[in-house]
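To start, the structure under review is shown below, and the notes come after it.
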Amino acid sequence: MPMYTDRKTERALARREKKARLIQKLSQLYHEDTIFIRLHSGKELYNLFDPSPLQERELSGDIESYIFKELSYKSPKARIALTFLADDISLYDGEIMRRACANHFTRRAQEQILQNRKSLRRWLYRLAVGIVVLAAFLVLAHFCRLYADGHPFFSILSESFGIIGWVALWEPATYFLYGHQDERRMLFNLMRLRHATVTIKSMESS
């Protein structure tokens, strides 16, 4: 289905397009990896619950999951090609399927850009909250430590405050170390699929 985005997202996508074109030119030095998808009919390519025209329709969730699973086995430097094998596909239907693939992965890239931006804002907010919470609990732990001599309760309380303070930074640290990289990798793969060579082959002709 069509997706309407703001100018900021469009500019971000344009920058990604330039980077993807550069990567595509560099990838000419490497081999091309082809992902083959067998379809019983052209209708299997689309999300049946999407009422949009075929060229604007979302791809089937099963098809997309399979493509990403196969893409995970490919070299990140290789050029990607998608070859769909289906029964009795006309030239017109094949062109519509190629447009649908390009439009689908373009929309998915736009969605991922928006998601990455929201995740970054959420991370900055939670990082600021975590730092404030950490500072507050370390102060409490320090005061409890002053009364810890001869009072095991204050010693335990001091250790607990310190642990709670550091746990407040656990989620921001996890996103910084792993989540951010996963989102960037997803956007990179979407741009690879956006510029993939799509071939539609009829099983009868092949």
Considering only heavy atoms from C-beta outward, does the side chain of [X] approach that of [Y] to under 4.5 Å?
{"X": "F84", "Y": "I63", "value": "yes"}
{"X": "L39", "Y": "D87", "value": "no"}
{"X": "N189", "Y": "R192", "value": "yes"}

Q: Evaluate whether atom CZ of F68 has more than 12 neighbouring non-hydrogen atoms of other residues, nucleotides or ligands under 6.0 angstrom away.
A: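 Yes, enclosed.
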Q.
Salt bridge check, E111 against R107: does any charged N sit closer than 4.0 Å to a carboxylate O?
A.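 No, no charged N to carboxylate O under 4.0 Å.
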Are [X] and [Y] grouped together when hydrophobic residues (ILVMFWY) are joined by side-chain heavy atoms under 4.5 angstrom apart?
{"X": "I89", "Y": "Y92", "answer": "yes"}
{"X": "L91", "Y": "I96", "answer": "no"}
{"X": "W166", "Y": "L177", "answer": "yes"}
{"X": "L120", "Y": "Y125", "answer": "no"}
{"X": "V129", "Y": "L134", "answer": "no"}

Q. Would M186 and Q115 satisfy side chain to side chain contact (heavy atoms under 4.5 Å, CB included), going step by step from the backbone distance to the final call?
A. CA-CA 11 Å; M186 173 60 75; Q115 179 180 334; over 6 Å; no
Grab the two heavy atoms, one from [X] and one from [Y], that are nearest each other, plus how far apart they are.
{"X": "F188", "Y": "P76", "result": "CZ-O, 3.7 Å"}
{"X": "N103", "Y": "Q55", "result": "ND2-O, 2.6 Å"}
{"X": "C144", "Y": "S158", "result": "CB-CB, 3.8 Å"}
{"X": "L54", "Y": "Y46", "result": "O-CE2, 3.5 Å"}
{"X": "M191", "Y": "A109", "result": "SD-CB, 3.8 Å"}
{"X": "I35", "Y": "I67", "result": "CD1-O, 3.8 Å"}

For the atom pair [atom1] ([X]) and [atom2] ([Y]), what is the distance rounded to the nearest 0.5 Å?
{"X": "K43", "Y": "L48", "atom1": "NZ", "atom2": "CG", "result": "9.0 Å"}
{"X": "R126", "Y": "I131", "atom1": "CZ", "atom2": "CD1", "result": "15.0 Å"}
{"X": "Q181", "Y": "R185", "atom1": "CD", "atom2": "CZ", "result": "6.5 Å"}
{"X": "D62", "Y": "L59", "atom1": "CG", "atom2": "CG", "result": "11.5 Å"}
{"X": "F105", "Y": "H195", "atom1": "CZ", "atom2": "NE2", "result": "12.5 Å"}
{"X": "R108", "Y": "E64", "atom1": "CZ", "atom2": "CD", "result": "4.5 Å"}

Q) Is there a side chain to side chain contact (heavy atoms under 4.5 Å, CB included) between L82 and T34 once you walk through the steps? A) CA-CA 6 Å; L82 301 176; T34 302; over 6 Å; no
(Q) Under the criterion side chain to side chain contact (heavy atoms under 4.5 Å, CB included), I'd like the reasoning laid out for T197 against R79: C-alpha separation, chi angles, the key distance, then a yes or no. (A) CA-CA 9 Å; T197 302; R79 290 177 288 123; over 6 Å; no
Determine yes or no for a side-chain-to-main-chain donor-acceptor pair under 3.5 angstrom, with [X] supplying the side chain and [Y] the backbone.
{"X": "E56", "Y": "S52", "value": "no"}
{"X": "R184", "Y": "N116", "value": "no"}
{"X": "R57", "Y": "D50", "value": "yes"}

(Q) Can you list everything that forms a side-chain hydrogen bond (donor to acceptor under 3.5 Å, both in side chains) with E183? Sequence neighbours excluded, please. (A)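 If we apply the side-chain hydrogen bond (donor to acceptor under 3.5 Å, both in side chains) test to E183, skipping adjacent residues, the hits are S119, Y175.
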Q | Whichever hydrophobic residues join V167 through chains of side-chain contacts under 4.5 Å | A |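 Grouped by the 4.5 Å side-chain rule, I163 form the rest of the cluster around V167.
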**Q.** CA sep, side-chain torsions, deciding dist, call: K77, D33, salt bridge (Lys or Arg N to Asp or Glu O under 4.0 Å)
**A.** CA-CA 10 Å; K77 297 180 180 179; D33 278 333; over 6 Å; no
Q) Going through the checks in order, is the side chain to side chain contact (heavy atoms under 4.5 Å, CB included) test met by I200 and R98? A) CA-CA 8 Å; I200 312 296; R98 279 190 288 271; 3.8 Å; yes
